[in-house]
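Here's the structure, in structure tokens; my notes come after.
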Amino acid sequence: MPASAEIARTVGRHRQRIEDLIAAMTVEEKAGQLNLLADPFRWMPTAVNPLDGTGDPARVTALIRAGKVGSLFNGIGAEAGRRIQQVAVEETRLKIPLLFAADVIHGLSTIFPVPLAEAAAFDTDLAYRTARAAAVETAASAVHQTYAPMVDVARDQRWGRNVEGAGEDVLLNNLLAAARVRGFQGEKGLADRDAVLATAKHMAGYSAAIGGVEYNTTDMSEQTLRGVFLPPFKAAVDAGCLSIMSAFNDVNGVPASGSRKLLTDILRGEWGFEGFVVSDYTSEQELIAHGFAEDARDATRLAFNAGVDVSMVSGLYMEHLPGLVASGEVSMARLDEAVRRVLHVKAALGLFDDPYRGMDAAREKAVVGSREHIELSREAGRKSVVLLKNQGGLLPLKKTQKIALVGPFADDVDNVWGPWTIWGAPERRVSLETGFRAAMRDPQNLTVARGSGVETPLAGGIEQAIAAARDAEVIVLAIGEATNMSGEAQSRTEIVVPAPQMALVDAMAALNKPMVVLLRNGRALALEGNVKNAQAIVVTWFLGEQMGHAVADVVFGDHGPSGRLPISFPHRSGQQPYSYDRKTTGRPANPDLASEEYKARYRETTNTALYPFGFGLGYGAVTYGPIEMERDVLDWAGTLDLAVTVTNAGPHTAEELVQLYIHDRVASLTQPGRLLKDFKRVTLKPGESQKVRFTLNARQLGFIGADETYRIEPGLFDVWLAPHAQGGVPATFRLVGPPSISDGR
Ligand code: NOJ
């Protein structure tokens, strides 16, 4: 159901009550509704919210009683939730229920793959289902809102938060933003007992941080802002999202949390957003450090008037809004509008009908960590795995083989969840060792050694690893990044496997046995030396609590690898920022030449990817026939049908993701060398061929023009039906129509 219809339907009955409440509220009570504090009663996330500590329950209780708190975040639990809600509903003057929010990023108790991993499945239905399962657990744990999905489009792999997003492609981000919003909010309306309010974040441009430095400034064209960073927010809003979080960064000099253009003109004026905007953890206060506001009062004025309705953690709105309204610097109308938005969403969530929704301990126990959710976690995990290399068909391994599992993640459970896990059940975490032993015919055939720490050597580690590998037929290396190397505030200068682990890999390579690398990672990595040269390389990200089983499902062939990279793996760290959809330049380099002067490339490498966006192998061997097109002309109002026959020549079933890319050859503004426009998945039995069909229309071919509107220009286009962003079968067609069309989007 679209958000506006949802608001109209649910708020309908409460509209007058909300107006009466606003009329009855003091200015302090109004500011109170806009005050969001950390939950001091049920606080757990010390690792992810380090600045706040645990707060003071007595102080916050007094504030709630006085009507000075509208929402709390990052506390969960039905029973305690009921007690806190009782204070608001029974002990305050106006009896307005509190809104409880939480960072449920990839599961509440049942932990699913990190969002970047799940993006590798290129599967909107899967994203919907994991978000739905997370919502069921969240809603039953006295939480009404999640701070997800993060829809910041990846541009630079040094930036740590790419792990929380959907990768570097705009279309995939749009599709997954919508799927995740629908998954969290469900199909039955926000008041449904299994629905939670989604929050698309961080608006906007957070991932454009210069140099990949967390929280850094950004500098971008209007075309990049509107063509790359904003579309997933629009997709989230169109999918019914009723909450948006404003970002920490500035955009072209204006901090996002003080940007009227972003948070009011575009979000509301252009897109018709009807929910509320919440700041990101003191981001309104940070207008001072940005050098945009003079002091806390000024920061409040600027952020609030720009369109930030709710203040997270700082308490600034409570402190300064009453004075700002008294002086006329903030209008009462603006204050009422923000309060109305919050109360409308509370009404839509059913809180005015049942303030104790989701506060039933028996139901919480029944749905949290259910068998069904745990199975879904394993399914999502195996579908997120990406096979990069498989020389000589080394994989799948035989369940009877003698295997040495070596590396810091071999028997580790501390790094299976990945960043942004607060309420997972530690006892359910499955290590690779456990997953392997469960899959192998004789678990005794597995030897295990860590060999190295993640970033520091392990005394005697390499010797132990050599001993473990002595009798093995194959060495499986579990290496890469620990959980705390990606996520918020975890930017890296070199996106490589840390040196002590490389030393371990070198020692293993010297044994001259077949080697499989299982990468643990929250970003793309630049693979080097014996890692790059291993016979088989598998990207296993952070797959969530069932990680060991999910990886074993793929490694032993019970599930053929079907994931595709949602981010490009470059040759070198120094290529960042890198994404496949970059422009050709006036001097495109030939990627096949080792060196080439006066072209757009580095001395050491062409500016392509080692493993590009969209890349991923299966255990089959899929070949592409030529593109089939009946005509090579697309009329402005018509469609163009394209098809390709894909054949599995290999001995195993293969899942192929056929991707459609275009390149607008000539345009009034230069365009990306390739841009994904569609994709389709087919399953091919050994020897099987299938024709995969696509239909293009003119509206898919536009871009943000110099006038800042979406425009479609006739002319010549390249098109590829491809297994990834650097391959495929090409064709060209001409779009014919009016000289250029701007649809004013
Ligand atoms: C800061 C993060 O940027 C944001 O994504 C998160 O939701 C808030 N902290 C609350 O924990």
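Values reported hereafter were calculated over all heavy atoms of this structure, with side chains retained and with hydrogens, waters and symmetry mates removed. Counting starts at 1 for both ligands and their atoms, following the listed order. Positions are given from 1, in the same order as the sequence printed here.
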**Request:** List, ordered by chain and residue number, the protein residues whose closest non-hydrogen atom lies under 4.0 Å from any atom of ligand 1.
**Result:** Asn49, Phe73, Asn74, Asp103, Tyr147, Arg161, Lys201, His202, Met245, Phe248, Asp280, Tyr281, Met312, Trp420, Glu488
**Asked** Among Asp39, Leu36, Val278, which residue meets the side-chain contact (heavy atoms from CB on, under 4.5 Å) test with Phe73?
**Response** Leu36
**Request:** Keeping the roles fixed (side chain from Thr130, backbone from Ala127), state whether a donor-acceptor pair exists under 3.5 Å.
**Result:** yes
**Asked** Is the number of heavy atoms from other residues, nucleotides or ligands within 6.0 Å of CD (Gln86) greater than 12?
**Response** yes
**Item:** Glu337 CD: over 12 foreign heavy atoms closer than 6.0 Å
**Value:** yes
**Prompt:** Going by the angle between their ring planes, with limits at 30° and 60°, are Tyr206 and Phe248 parallel, tilted or perpendicular?
**Reply:** perpendicular
Donor-acceptor list for residues 342-349 side chains, cut-off 3.5 Å, not counting sequence neighbours:
unit_1, atom_1, unit_2, atom_2, d
Lys346, NZ, Gln33, OE1, 2.7
Lys346, NZ, Gly70, O, 2.9
Lys346, NZ, Pro97, O, 2.7

